[in-house]
Chemist: 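Sending over a structure as C-alpha cells; questions will come in a sec.
Both counts, for ligands and for their atoms, begin at 1 and track the order of listing.
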Amino acid sequence: MPDSMLQQDDYTPLDRYRQLAEKSPDLISRHAPEDFSFIDVNPAVEKILGYAPEEIIGIPAYDLFHPEDANTWANRDSGVTYREGVYTSTYRFKCKSGSYVWLETTSRSIRNPETGNMEEIICVSRDVTERVQTEHTMTRLARVVEASSDLVMFSTEDHQINYLNEAAQKTMNIDKGRFPTLHLDELVSRETYHVMQEKLFPQVMKTGNWRGEIPLKPDSMEDRIAVIQQIIAHKSEEGDLQYFSIIGRDITDYKKAEEESMQHQLEMAHISRLLSVGEMASGLAHEINQPLAAILNYSRGSLRRIEDGSMARVEDIKKALELIARQAVRAADIIKRLRSFVKKTEYQRMEFQINDVCEEISQFLEQEAQNAGIRFIFRFDDNNPRIHADKVQIEQVILNLLRNAIESYKHSDQPVKTITIQTRQKDGQMRILIQDQGSGISSQQLENLFEPFFTTKENGLGMGLSISRTIIEAHGGRLWAESDGRSTTTFTIRLPLGTN
Ligand code: ADP
C-alpha cells in the first residue's frame, strides 16, 4: 500500500479539506465582508493571478476588479446568478502583472447563526479566460454574419430554413416571423428545387461544399436579383449532418452595371464600325463604281447598236437588259451589305456558320486588298462549324483583324502578299486564325497590343483590338496575337461551339 494512503487515514476531515484546497487548481479564497479583502487563499493564486499567497492577503478584492465589472459585482446585476445563498459571477480580475484574467467565481457568505451578521465570504474561482474569449469570438462572428452584405441562411437536413440574416431578409423581403415555417422550396423555382434535391444536396453531403449560381425567386421578392453561391454541409465529428449554410448574394447592382457595360460596348462597337466604313470609303466607292460603270457601258453599247440597227432582235435586247439588271443587283447588294453593317443592332445571339461569315467579310474587303496587291487564302474547316454568338459583333472582330492585316503590308515591298484565314474546330472550341506576313509585331508591342488607344498608325485610334477582345470575352472566348517580331503575325479567336 502506498505511503500516501497510509498517511491519509490519519487526517481529520478538516485536514482533508485543507489538503484538497492546497492541491486544487481552482482559486479558493476567504474574504472579509467589509472591503472584500483576502483573508486566506490557496496556492493556486500564484498560477492564476501571479501573487504568492502571503502577498495578496490583506488586499481588498474590489481594488482588483476591472473598472467595467466592479459595478456589476457591487450591484449584483444580471451578470450574477443566485442559487440558495450561493452566487456565481464572471468578471475580469487584475493579475500581479497588471493584465486581466476572466474568473468565474462562486461565492457563499458565512453568517453568524445567532446574530445573522455576515462574518466572511468564501469564493471558488476558476480561470475561464479561454472560454470567455471563445464566447466573445462566437458573438463577434454571429454579429459579422448578421451584418454581412452576403445573404446567409441556415437550414435543417430537410431544408427547413431556420435562420436568415438581415441581408437575406431584406433582399427577399421576408419577415422574421416567417422563419419557423419557411422551406427552401419557397425560395427557388420548383424545377430548381427538384435539381437541388436530386443532384446538388447529395453532392454537398459527399464533398461538404458546393459553389455555383442558383437564382433565388421567392414570391415575396420585389425588384431585386439574388443568387445562391455556396452551400456548406456542417457535420458532427461522427459525420452526421448538423445543418446546411446557404450563402447567397444580391446581384441587382452587378447586373445593372453589366447591362450598362454591354450597352456601352454596343455603342463602342457601333462607332468603331462607322469608323471602319469611313476608312473603307475609297475601297467601297471603287467597288460600287464597277457595276455602275458596267451598267453605263452596257446601256450605251446597246443604245448605239439599236440606233445603228445591229441590235434589233428582242432576244438580243433582253440579254443586254438582263446584264444591266445583274450589275444593278450587284451594286444594290454592296449598298445593302453596307447598310446592314452600319445599322445599330441590339445585342442578339444566333446560330450561324463561321466560314460563311469569314467569306462575306473578305468579300467586303476584297477591293481594298486588291488595291494593295494582297490575296486572301482560305483554309476552312470542311464541316463549316456553327457557332452561337452575336453575328454582327463577330463580323466586326474579323473585319478589324483583316483590316489590320491589310495595313500591316503598307510599307512592304514583298512580291507576294497574302492573308490566310483559317477556321478550325477542335475539342468543342472554334478557332479562327488570321495570319499575315506584314510588318510583324515586336514582343514589347505584343504586351500592350490590346490596351485601349495603343496604336502605331499615324491616324490610328487604337480601339479596334481592345473592343475586339471585349467582344470575344463577352462570348466566353479568347483573342490573342502571336508574332515572330519580323513578319509572320497570327491573331487567333477562340469561341465555344454551338449554344452557350
Ligand atoms: P488601330 O488599327 O487604330 O491602330 P487596333 O487596336 O486595331 O487600332 O490596333 C492596334 C495596333 O496593333 C496597331 O496600331 C498596330 O501597331 C498593331 N497591329 C494590329 N494588328 C497587326 C498586324 N496584323 N500586324 C502588325 N501590327 C498589328
Chemist: Looking only at atom types and distance, does a side-chain atom of D185 sit under 3.5 Å from a main-chain N or O of V188, one as donor and one as acceptor?
Modeler: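 Answer holds: no.
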
Chemist: Check whether any side-chain N or O of N165 sits under 3.5 Å from a backbone N or O of A142 as a donor-acceptor pair, and report yes or no.
Modeler: no

Chemist: Do any N/O atoms on S466 end up under 3.5 angstrom from N/O atoms on ligand 1?
Modeler: no

Chemist: Backbone or side chain, does any N or O of D436 fall under 3.5 Å from an N or O of ligand 1?
Modeler: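 So ligand 1 has an N or O lying under 3.5 Å from an N or O of D436.
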
Chemist: Mind checking whether L449 has an N or O less than 3.5 Å away from an N or O of ligand 1?
Modeler: no

Chemist: Under 4.0 angstrom from ligand 1, any heavy atom of S439?
Modeler: yes

Chemist: Below 4.0 angstrom, N of the basic side chain to O of the carboxylate: do E104 and R126 qualify?
Modeler: no

Chemist: Considering residues, nucleotides and ligands other than K457, do more than 12 of their heavy atoms fall under 6.0 Å from its NZ?
Modeler: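 Atom NZ in K457 is crowded, with more than 12 foreign heavy atoms closer than 6.0 Å.
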
Chemist: Both conditions, 6.0 Å and 45 degrees, for the charged tip of R92 above the ring of Y100: are they met here?
Modeler: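 Ring-cation test returns no.
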
Chemist: Give the numbers and elements of all ligand 1 atoms closer than 4.0 Å to a heavy atom of T455.
Modeler: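 Here the atoms of ligand 1 in question are 1 (P), 4 (O), 14 (O).
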
Chemist: Does the residue G440 have a heavy-atom contact with ligand 1, meaning some pair of atoms that are separated by less than 4.0 Å?
Modeler: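 Yes, G440 has a heavy atom closer than 4.0 Å to ligand 1.
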
Chemist: So, E315 and K319, do they make that salt bridge, N to O below 4.0 Å?
Modeler: no

Chemist: Is F491 in polar range of ligand 1, meaning some N or O pair under 3.5 Å apart?
Modeler: no

Chemist: For atom 24 (N) of ligand 1, which candidate among S468, S483, S408 provides the closest heavy atom?
Modeler: S408

Chemist: What I want to know is whether E407 and ligand 1 share at least one N or O pair that is separated by under 3.5 angstrom.
Modeler: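 Checking ligand 1 against E407, no N or O pair falls under 3.5 Å apart.
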
Chemist: Output yes when the distance from some N or O of ligand 1 to some N or O of Q445 is under 3.5 Å, and no in every other case.
Modeler: no

Chemist: Mark yes or no for whether N383, through its side chain, and P385, through its backbone, hold a donor-acceptor pair below 3.5 Å.
Modeler: no

